[in-house]
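As the structure lists them, so they are numbered: ligands from 1, and atoms in each ligand from 1.
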Amino acid sequence: MYVRAVAALATVTGSAVIGVLVLPAAAQATTRHDSPVIIAHRGASAYAPENTLEAVDEADDLGFDWVENDVQRTKDGALVIIHDTTLNRTTDVEELYPDRAPWNVKDFTAAEIAKLDAGSWKGAEFAGQRVPTLHQYLRRVDHNRQKLLMEIKSPELYPGIEAQIMRELRKDGWLSRGHVKRRLVIQSFSADSVRTVHTLRPDIITGFLGTPAVAELPSYAAFTDQINPSNTTLSADYVKAVHALKGVHKKPLEVHTWTVNDAATTQRVAGYGVDGIITNAPDVVRRALRG
Ligand code: G3P
Ligand code: CA
């Protein structure tokens, strides 16, 4: 059922031939593609509140295997899924805890965060959605047989978070051979954090978020498999320079770019030959790739 695939739809965009390749979904983490892998950014966050279980399910309903999320840590040491380092944009924390500005994630306990409504800001129909714990999130992604591009968000605020994430992944079965090989990528804007993940678990596929200078790419290839830049910084030459190198697992270094939410940008970055497109609106990207 999750062997998504297929098809004979090949379209020419500029000089690039974009096809939809028949691939078992499970081979996507490390296999090169004729068509970029589509990753639902913070879940299908154009249609459901970002980083909630509803956003994971929405991606699944639309037929997408890969979801991206952001992991941070509470005051009492729980791992939770939220993008901002503060709670006020995506929850009702200001109503529940008016005296706790600036409402940092790291200043609230897991029990306090569990009380917050993380859905209403997006629409009344999402009222009652919660900030998931990493444990809850991993269970839902597993239940849906999806795959996870996990971002360690602002790791400088959370010393030791990499080792803690490893412990949680192990407990939840996400360090099994199948998960590590096909269903998990860990990325961060912090090179130190990505390097730490690689040191702790050399078999995990990793990504660096950013656009290092071409001359510096070989040093990144020593600890990562993916260079994941903003689409606004991307060029065909840059993608070519990344692809010319082998990543830490001795496969060509990949490029997964963000955050691409419209057809024109999709076609531009696909024309550069990127390996993955991270998007709030995965259906829009899929349509654009199909021409
Ligand atoms: O996965 C790429 C993207 O998530 C990086 O930016 O700010 O949305 O976490 P941000
Ligand atoms: Ca992110």
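- Contact of the L149 side chain with the V67 side chain is not registered, since no non-hydrogen atoms from C-beta on lie closer than 4.5 Å.
- Residues P159 and R73 form a side-chain contact, since some pair of their non-hydrogen atoms from C-beta on lies under 4.5 Å apart.
- With respect to E54 and R130, no salt bridge is recorded, no charged nitrogen being found less than 4.0 Å from a carboxylate O.
- Ordered by chain and residue number, the residues placing a heavy atom less than 4.0 Å from ligand 1 are H41, R42, E68, D70, H83, E151, K153, Q187, F189, L209, W258, I278.
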Report, one line per pair, each donor and acceptor closer than 3.5 Å where one atom sits in a side chain of residues 165-173; sequence neighbours left out.
from : atom 1 : to   : atom 2 : distance (Å)
D172 : OD1    : H135 : ND1    : 2.7
D172 : OD2    : H135 : ND1    : 3.2

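- The existence of a salt bridge linking D142 and R183 is confirmed by a sub-4.0 Å separation between a basic side-chain nitrogen and an acidic carboxylate oxygen.
- Between D84 and R89 there is a salt bridge, with a side-chain nitrogen of the basic residue lying less than 4.0 Å from a carboxylate oxygen of the acidic one.
- Under the 4.0 Å criterion applied to side-chain N and carboxylate O atoms, R195 and D192 are assigned as salt-bridge partners.
- Figure legend: R100 and Y97 shown as a cation-pi pair, the cationic atom lying under 6.0 angstrom from the six-membered ring centre and within 45 degrees of its axis.
- For the Ca ion (ligand 2), protein N/O/S neighbours under 3.0 Å (waters excluded) are E68 OE2, D70 OD1, E151 OE1.
- Residue pairs satisfying the ring pair (Phe, Tyr, Trp, His ring centres under 6.0 Å) criterion with at least one member in residues 176-215, sequence neighbours excluded, are listed as follows: W174-H179, F189-W258, F208-Y220.
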